[in-house]
Amino acid sequence: MLLTEGDLKAILEAALAGGGDFAEIFLERRRTTSISCEDNKIERVVSGLDQGAGIRVITGENTAYGYSNDLDRESLIQTATLVGKALPGRPRPKEISFNRPRAQVEFTIQKRPDQVPVTEKVALVQKANAAARAVDKRITQVTVGYGDVIQEVTIANSDGVLVEDERVRCRFVVNAVATDGKVIQTGFESAGGHQGWEIFASVDPEEKARQAARRAVMMLEARPAPAGKMPVVMAGEAGGTMIHEACGHGLEADLVQKQLSVYAGKKGQKVASELITVIDDPTIPGKYGSYRYDDEGTPGQETVLIENGVLKEYMYDYLAARKENRRSTGNGRRESYQDRPIPRMTNTYIAPGKDDPGAILRETKHGLLVKRMGGGQVNTINGDFVFDVAEGYLIQNGKIGPAVRGATLTGNGPEVLKIIDRVGNDLGFSLGTCGKDGQGVPVGDAQPTMRIPEMVVGGILDEGDQD
Amino acid sequence: MDYQALQNQYLDLAARVVEMAAGKGAVAEAYINAGESLNIEVRNQEVEALTTARDRGLGLRVIAGQRVGFAYTTDFSPGALELCVEQALANARMATPDEYNCLPARYPGYPQLDLFDPEITNTPVEQKIELVREIERQARAYDPRVKITESCSYNDSRYLVVLVNSRGIAVASQAAYCGASTFVVAVENEESQTGFGLAYGLRYKNIDPARIGREGASRAVRMLGAKRVNTQRAAVVFDPYVATSFLGVIAPALAADAVQKGKSLFRGRVGQQVAAPVVNIIDDGCRPDGIASSPFDGEGVPTQHTVLVEKGILKCYLHNTYTAARDGVKSTGNGARGSFKTTPEVGTTNFYIEAGTRTPEDIIKEIPRGLYVTEVMGMHTANPISGDFSVGASGLWIENGELARPVRGVAIAGNIIGLLEGIDAVGNDLTFFGATGAPTVRITGMTISG
C-alpha cells in the first residue's frame, strides 16, 4: 500500500474530528482474471483492477460510511472529514497507536494465479469444455468459467488495529445443457477455494465437467418431483445449503439483536436435536469461505454455534459485539470497499455424527434422496426456508429409485433441526456466494448425510391426484 | 462534482484510451461510469447508517483479428490506463476469433429523454432523512402489531455514462434515480411476519412515504396466523410483485444469445403462441420515468420500445450488436452492462408485462378456491434454461372469491411455458419494482404442495 502508518493515523484522526467514537479505514486493491468458454469458443477473457477505500465512523450505535476510488492521502483525509461530519458528536481527542493482531492460522498459497500464464488457464477451460461435450451427444451446450481474485486489504481503526492481508481465491464452474428435442435440462458443478492454482491438483476440472454433463443428461429422463410431505435423506455429498439457510443466517448477531431471528433470546436453550452440532470456521485451510482476518481486522476463529442441540453462540462483527460490550467472533465481512461490514457466515457445517450413511438410506422405506443441493433462501423472521434440489431420487424400499427433477424443499428451520433423527459420519463441502443486504461474499457449507422425517417437497401433482 | 466538466474530461479520456488501443491495430470502445450516491437507513426514528459515495471506472473492449479482449480499471492514472490497454489487447489474443464480433458505427440520433430530476440532488439530506422517518412512522401507525423495523431506507444516485468507440460513436448521458423501501415486522403472540413497501423512480416527488409505510405494514399484518394448506391443484393469482419475480426468469430466455446457443425455451418459436392471448411482454429502453431508461445502450446503440410477446405470440428476441450481426438483424439496443467491469451482453432495460383491463378484485372474485401469492422464496433457483421452477410461496387463501386467510410454507412448481400458457387474466395494475414490472396475473391451475 502507498500509505504509511502516519497517513493512516491522519485519516482516522480526520474521521474522528466530527465527534465519532470509532473510525476505520478499509483499503482494497482487487485484481481479477476471468475466462469464459461457451459455444466451443473462448468468448471472454477479462482482467481488471478495482481499488478503493471505505471509511467508517461509529457514534453510539450509528454509522456513517463513505467510499471513493481516490487513494492519495489528501483525498482520503477529505473523504474521512466528510464521513466524520455526517453524524455529529462531541470531539474527544484520541491517541491512536497501532498494533497488529496475530492471526490464528497461516495459509500458504503455493502457486499464485498471477504467476500462471493465461494460456494455461485457457487450456484448462478448453479441456473441461471438451470433457463435458464428450459425455453424450445430447449435450448441446457447455459453459465453462474460470476466475481468480487477488484481494489486498489494509484495515486500520482508531482502536489501534492494523492488518494487512492478501486473499487469493480461484473458482471454476461448469454448466452443461442437454436437449432431447423436447426437453432442455442442465447440470452444474463448481469448485473453488482460498487457494492458488494448486487447487487443480486436488480438483480435476475435466471430471467436474463430466459430472455436470452426466447430471444434465440424466435429468432429461427424470420425472417431475412428487408433491407433498415425505421423509428426506440428504446425502453428505449434497452440500451444505440447508444448514446455511435453516439456521446459519438466523445466528447472525445483527439479526438476533434486531429481533429479526427465530433464534433471538435462545442462547443456552435446546434449539435442535441432540445429534446436531453446528460450527462456523474460517480457519479451515483452502475452503471458499476461509480467511485469516475478517474485513474488520479481527482474526478468524472457530465458533461452535450449536452444540448437541443447545444454542451456544451467535456470529458477531465489531458493531454487534460493541452493542453487547463483548468481543467480535471475527465474522465481520463485506463484499468490497463499497460496503459496510456485517456479521456473515464463513465455512459453516453440521459436525459429523455416528451413523453409517448407507444404513441411513437402507433404513428409510420411502421418501426423497437429495444427492445435490442448489441454492436456497430463508426468511429469518419466521424461520421458513427453501432450497433447490439439483439432483434427487425417489427412495423405494431403502434403495435409490428413479431420478426426479424440479423439486424445492420447504421447511421451517427450528422445526427441521428438532426432528432430524439420523446423522452420518461423513461430511461433504459445497461452495457458494451468499447474499445478504445486497452484499455477496464467498462461503463454504458442509453437512453429513442426514435424515429429516418430514419435509414439504414442492413438486407436481398429476391432474385429479389429491391428498 | 461539476458533471458538465467531468463529462468533457471523461469524453477526452475515453477518446485517448480508444486511440491508444486503435494505434495498436484494434477496434476499441471505452465505457466510463462515474457518479455519486447516498444511502440513508433509519431504525426506530434514528439514522442507523448514512453512506455517501463517489465512484468511477472504465471498461475497455477491443477487437483485434475478430477476437474480443476486455479489461477494466478504477485507476485513471496514465500508467494504469496504459496497463488496461495492454491487458485488453493481450486478452484478445487468448480469445477465439468470431466473424460476428464488431462494434456499432455512429448513429444519426438518439431518443430525447429527461433523466435528470434536479430535485433529487437539490433536496437537503435532512429532508431525505425526514422522509425515511415518515415511512417508519406510517408503518407503525398503521397497526399496533407492527413493532419491528427490519429496514427503512432511502437511496439516490446521480451518474454519468460516457461511451467512445473507434467507429465514430462519442456519447454521454447524465441521469439520476431515487427510491425508498421498508421491511417491517408484525408481531402477535409468538409469531412474527414481514412485509415490504417500496418505490423507485426518476422523480423525487413520486416517492410517497405514506404509501410505502402503509403497504409494508399491511403486507406484514395480513400474514399473521398463516398456516399451510394441503397439497392440491388450484387456481393461483400472482400479485404484481410475484409476477415480476417470474418475469426475471423469463428475461434470459428472450435474449438472442441464449437462443443462438441453444439455451432458450423460446428457440425457434418466433411467430408461435408461447403464452395465453392475454399476455403482452415489452422491453422499453426509452420509457419515460423508467429507471433503466437511457438514450443509448452499453454499446452506444439507441434504445427502443420492443414488443417481444404480442397477444401471446412471440415476435422477436432482444439483441446486442453481436447477436444482431449473427442473426442478420438490427440490434434492439439491448447491449446491457452490469457495470464498467463487464462486457455488454444481451440484457433487458425496462421490462414488463403490459397492463390488462380488469381490476385485481375482479380477477379474484371469480375464484371458488385458490391461492393469492404475495411472496415467493428461492426464485433464484428457478432454471431459466429448462424453465423448471419450484419455489416456496406464501400469501392468502381465496375462498368463494374472497381473500379468506393467510397461508405460508407451501411450494408451487411447474414450467415457465406452462405458466405463460395457463394465464387466463391480466390485471390493470402494472407496477414496477425497479426496472421490471407486471400487473396481477391469474393462472388457471397449479400444484400447491403443503
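Order of the sequence lines fixes the chain letters, A, B, ..., with proteins taken first and strands second; residue numbering starts at 1 for each chain. Keep in mind that what you see is a predicted model, and the values were worked out from it rather than measured.
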Seminar exercise, completed: Okay, B/Val187 and chain A: the region with an atom under 4.5 Å from a heavy atom over there is neither

Exercise. Crowded around A/Gln78 CD? As in, over 12 foreign heavy atoms under 6.0 Å?
Worked result: no

Exercise. So which part of B/Ile385 gets closer than 4.5 Å to some heavy atom of chain A, the side chain, the backbone, both or neither?
Worked result: both

Problem set entry | Side chain / backbone / both / neither for A/Val378 at chain B, heavy atoms under 4.5 Å | backbone

Exercise. Among A/Leu87, A/Leu82, A/Thr186, which residue forms the greatest number of heavy-atom pairs with chain B at distances under 4.5 Å?
Worked result: A/Thr186

For this session: Against chain A, work out which of B/Gly378, B/Ser151, B/Gly414, B/Gly392 has the most heavy-atom pairs shorter than 4.5 Å and name it.
Result: B/Gly378

Problem set entry | Greater than 12 external heavy atoms within 6.0 Å of A/Lys436's NZ | yes

Seminar exercise, completed: Taking every heavy atom of A/Thr410 against every heavy atom of B/Ala411, the minimum-distance pair comes out as OG1-CB, 3.7 Å

Problem set entry | salt bridge (Lys or Arg N to Asp or Glu O under 4.0 Å) between B/Lys263 and A/Asp39, intermediate numbers included | CA-CA 11 Å; B/Lys263 297 198 302 180; A/Asp39 241 9; over 6 Å; no

Problem set entry | Part of A/Glu61 lying under 4.5 Å from any heavy atom of chain B | backbone

Exercise. Do A/Asn40 and A/Arg133 have a side chain donor and acceptor closer than 3.5 Å?
Worked result: yes

Exercise. When only pairs under 4.5 Å are counted, which of B/Tyr72, B/Phe70, B/Phe340 shares the most heavy-atom pairs with chain A?
Worked result: B/Tyr72

Problem set entry | Under 4.5 Å from any heavy atom of chain A - which part of B/Glu86 | neither

Exercise. Pick from A/Thr179, A/Asp437, A/Asn379: which one has the most heavy-atom pairs with chain B under 4.5 Å?
Worked result: A/Asn379

Exercise. Can you tell me how far OG1 of B/Thr343 sits from CD of A/Glu43, rounded to the nearest 0.5 angstrom?
Worked result: 9.0 Å

Problem set entry | Minimum-distance pair of heavy atoms, taken over all atoms of A/Gly458 and B/Ala413 | O-CB, 3.5 Å

For this session: Measure distances from B/Val125 to the heavy atoms of chain A and classify the residue's part below 4.5 Å as side chain, backbone, both or neither.
Result: neither

Exercise. Looking at B/His380, B/Glu48, B/Lys261, which has the largest count of heavy-atom pairs under 4.5 Å with chain A?
Worked result: B/Lys261

Exercise. Partners of B/Thr51 by side-chain hydrogen bond (donor to acceptor under 3.5 Å, both in side chains), sequence neighbours excluded?
Worked result: none

Problem set entry | Under 3.5 Å donor-acceptor, B/Thr231 side chain and B/Ser449 backbone | no

Exercise. Roughly how far, to the nearest 0.5 Å, is the OG atom of B/Ser394 from the CZ atom of B/Arg219?
Worked result: 9.0 Å

For this session: With a 4.5 angstrom heavy-atom cut-off, could you sort out which part of A/Arg31 is near chain B: side chain, backbone, both or neither?
Result: neither

For this session: Go through the atoms of A/Thr59 and report whether side chain, backbone, both or neither lie under 4.5 Å from a heavy atom of chain B.
Result: neither

For this session: Output the distance between atom CD (A/Gln377) and atom CG (A/Asp384), rounded to the nearest 0.5 Å.
Result: 11.0 Å

Exercise. Is it the backbone or the side chain of B/Asn101 that comes under 4.5 Å from a heavy atom of chain A, or both, or neither?
Worked result: neither

For this session: Could you tell me which portion of B/Val185 (side chain, backbone, both or neither) has an atom closer than 4.5 angstrom to a non-hydrogen atom of chain A?
Result: side chain

Problem set entry | Proximity breakdown for A/Arg56 and chain B, heavy-atom pairs closer than 4.5 Å | neither

Seminar exercise, completed: Per-residue tally against chain A (heavy atom, under 4.5 Å) across B/Arg228, B/Glu191, B/Gln260, B/Glu375 peaks at B/Arg228

For this session: Pick whichever of B/Glu190, B/Glu345, B/Glu36 has the most heavy-atom pairs under 4.5 Å with chain A.
Result: B/Glu345

Exercise. Measuring heavy-atom distances to chain B, does A/Gln338 have an atom under 4.5 Å in its side chain, in its backbone, in both, or in neither?
Worked result: side chain

Seminar exercise, completed: Most heavy-atom pairs under 4.5 Å with chain B, out of A/Asp388, A/Val386, A/Asn382, A/Val457, belong to A/Asn382

For this session: Taking atom types as modelled, find out whether B/Asn91 and A/Ser47 have a side-chain donor-acceptor pair closer than 3.5 angstrom.
Result: yes

Seminar exercise, completed: Answer key: most heavy-atom pairs under 4.5 Å with chain A among B/Arg67, B/Met94, B/Met379 is B/Met94

Problem set entry | Heavy-atom contact with chain A under 4.5 Å, split by part of B/Tyr322 | side chain

Exercise. Side chains of A/Asp339 and A/Tyr67: is there a donor and an acceptor less than 3.5 Å apart?
Worked result: no

Exercise. Under 3.5 Å, is there a donor-acceptor pair linking the side chains of A/Thr408 and B/Ser390?
Worked result: yes

Problem set entry | Proximity breakdown for B/Gln193 and chain A, heavy-atom pairs closer than 4.5 Å | both

Exercise. Does a donor on one side chain sit under 3.5 Å from an acceptor on the other, for A/Gln51 and A/Asn69?
Worked result: no

Exercise. With a 4.5 angstrom heavy-atom cut-off, which part of B/Arg93 approaches chain A: side chain, backbone, both or neither?
Worked result: neither

Exercise. So what's closer than 4.5 Å to chain B heavy atoms on A/Ile381: side chain, backbone, both or neither?
Worked result: both

Exercise. Given that the side chain runs from C-beta out, which part of A/Val456 has a heavy atom under 4.5 Å from chain B: side chain, backbone, both or neither?
Worked result: side chain

Problem set entry | Under 4.5 Å from any heavy atom of chain B - which part of A/Ile58 | neither

Exercise. In terms of heavy-atom proximity below 4.5 Å to chain A, should B/Asn383 be classed as side chain, backbone, both, or neither?
Worked result: side chain

Exercise. Do B/Ser77 and B/Asp75 have side-chain N/O donor and acceptor atoms under 3.5 Å apart?
Worked result: yes

Problem set entry | Atom group of A/Val46 that falls short of 4.5 Å from chain B, counting heavy atoms | both

Problem set entry | Within 6.0 Å of NZ in A/Lys323, more than 12 heavy atoms from elsewhere | yes

Seminar exercise, completed: Whatever's closer than 4.5 Å to a heavy atom in chain B on A/Ala407 counts as backbone

Exercise. Which bit of A/Val57 is near chain B, if near means a heavy-atom gap under 4.5 Å: side chain, backbone, both or neither?
Worked result: neither

Exercise. A/Phe385 versus chain B, heavy atoms under 4.5 Å apart: side chain, backbone, both or neither?
Worked result: backbone

Exercise. Which pair of heavy atoms, one from B/Gln87 and one from B/Ala71, lies closest together, and at what distance?
Worked result: CB-CB, 4.0 Å

